[in-house]
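As structure tokens, the structure follows; a few thoughts come after it.
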Amino acid sequence: MAVDLIYETHSITTDNETGFATGWLPGQLSDRGRMLAQELGRRRSADGIATVFTSDLARAVETAEIAFGGTGIPIRRDPRLRECNYGTFNGTPVSELARIRSQHIHQPFPEGQSYQDVVAQTRDFLSEVVRDWDGKKVLLIAHSANRWALDNLLTGVPLEDQVDAPFAWREGWHYTLPTGWPCR
């Protein structure tokens, strides 16, 4: 047995559209983002998903509620699925953040956290998922740092190879979380 894990990014926000890195700020979906959240629900509601886990940041919660509210699929908020806390850089232009992102793989952003901190939170989250949802399909709605953490933990892609790579949206990423997955 294993956990069939589907990862989806939160829908497009007003910050995404204007070029700002929201970080731990709540953010809000744009009109286009709300339409994409509805499309996510249509695309995934019949996939046999046992539960949806979402970051507790407003933009991810709104995505989950638009997509899966009223479907009967439980939605669970988890703060371990938050975006990286950019600290003093929360809400800064993406172009400014991009120049320093690789410096914060191990070193926290001022008054924030590092990408390695996000990996640690994701590892803790996944250890519970593998324990509690073995044999089920679960969907995660979160942020870019969480996908990097999943790729790092489940496919071995180093963070150094991910943080400066261009973002390419797609209709979900699929992972298998094997029974007894190592929770180091």
Side-chain angles (χ1 to χ4, degrees), residues 1-11 22-27 40-41 44-45 47-65 67-69 71-87 90 101-102 104-109 111-163 165 167 169-184:
M1 301 271 281
V3 176
D4 190 8
L5 192 69
I6 300 167
Y7 166 83
E8 295 272 356
T9 60
H10 64 77
S11 285
T22 313
W24 269 24
L25 300 175
L40 168 62
R44 294 287 184 193
S45 289
D47 280 358
I49 295 166
T51 194
V52 173
F53 288 98
T54 182
S55 158
D56 65 345
L57 294 173
R59 59 198 184 269
V61 171
E62 186 179 5
T63 300
E65 289 174 350
F68 299 102
T71 66
I73 300 171
I75 299 171
R76 302 164 193 275
R77 299 176 190 189
D78 196 307
R80 294 172 295 182
L81 294 175
R82 284 184 177 188
E83 176 63 276
C84 186
N85 181 357
Y86 305 137
N90 286 326
R101 193 180 286 137
S102 64
H104 297 285
I105 292 171
H106 300 285
Q107 176 184 346
F109 285 91
E111 300 179 31
Q113 65 183 162
S114 70
Y115 288 107
Q116 195 60 54
D117 292 332
V118 177
V119 171
Q121 290 170 189
T122 303
R123 182 182 297 111
D124 183 56
F125 170 78
L126 291 177
S127 68
E128 287 183 22
V129 169
V130 76
R131 180 191 70 214
D132 298 342
W133 296 93
D134 194 31
K136 305 286 186 198
K137 182 182 287 190
V138 300
L139 187 134
L140 310 182
I141 297 175
H143 313 272
S144 59
N146 309 103
R147 185 177 58 81
W148 298 339
L150 290 169
D151 280 349
N152 179 258
L153 292 165
L154 300 176
T155 66
V157 179
L159 290 172
E160 291 80 0
D161 294 350
Q162 298 183 71
V163 298
F167 176 76
W169 183 87
R170 66 185 207 201
E171 291 184 352
W173 286 258
H174 186 264
Y175 302 91
T176 300
L177 186 56
T179 301
W181 177 77
C183 304
R184 295 180 226 135

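Hydrogens, waters and symmetry mates play no part in the numbers below; they use all other heavy atoms, side chains included. Keep in mind the model is a prediction, meaning the values are calculated, not measured.
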Look up atom [atom1] in [X] and atom [atom2] in [Y], then write down how far apart they are to the nearest 0.5 Å.
X      : Y      : atom1 : atom2 : answer
Ile105 : Asn152 : CD1   : CG    : 10.0 Å
Tyr175 : Asp151 : OH    : CG    : 3.5 Å
Asn90  : Asn85  : CG    : CG    : 5.0 Å
Phe125 : Asn146 : CZ    : CG    : 9.5 Å
Leu154 : Leu5   : CG    : CG    : 7.0 Å
Asp4   : His174 : CG    : NE2   : 3.0 Å

Q) Nearest heavy-atom pair of Thr22 and Pro26: which atoms, and what distance? A)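 Looks like CG2-C, 4.3 Å.
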
Determine yes or no for a side-chain-to-main-chain donor-acceptor pair under 3.5 angstrom, with [X] supplying the side chain and [Y] the backbone.
X      : Y      : result
Thr51  : Pro74  : yes
Gln162 : Val157 : yes
Asp78  : Arg80  : yes
Asp117 : Ser114 : yes
Arg59  : Leu25  : yes
Asp134 : Ala2   : yes
Trp24  : Tyr86  : no

(Q) Working note: His10 + Ser55, criterion side-chain hydrogen bond (donor to acceptor under 3.5 Å, both in side chains); need CA distance, chi angles, decisive distance, verdict. (A) CA-CA 9 Å; His10 64 77; Ser55 158; over 6 Å; no

A side-chain contact here means heavy atoms from C-beta on lying under 4.5 Å apart; do [X] and [Y] qualify?
X      : Y      : value
Val163 : Tyr115 : yes
Trp148 : Val119 : no
Glu83  : Ser144 : yes
Ile141 : Ile75  : no
Arg44  : Phe68  : yes
Leu153 : Trp181 : yes
Thr63  : Thr54  : no
Gln113 : Gln121 : yes

Q. How are the rings of Phe53 and Trp133 set to each other: parallel, tilted or perpendicular (split at 30° and 60°)?
A. perpendicular

Q. Can Glu160 and Ser102 be said to form a side-chain contact (heavy atoms from CB on, under 4.5 Å), step by step?
A. CA-CA 7 Å; Glu160 291 80 0; Ser102 64; over 6 Å; no

Q. Can you name the residues that form a side-chain contact (heavy atoms from CB on, under 4.5 Å) with Pro79, not counting sequence neighbours?
A. Asp56, Arg82

Q: Could you list the residues that satisfy salt bridge (Lys or Arg N to Asp or Glu O under 4.0 Å) with Arg77, not counting sequence neighbours?
A: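 Only Glu65 meet the salt bridge (Lys or Arg N to Asp or Glu O under 4.0 Å) criterion with Arg77.
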
(Q) Can you confirm whether Lys137 is buried at NZ, in the sense that more than 12 heavy atoms of other residues, nucleotides or ligands lie under 6.0 Å from that atom? (A)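 More than 12 heavy atoms, drawn from other residues, nucleotides or ligands, come within 6.0 Å of this atom.
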
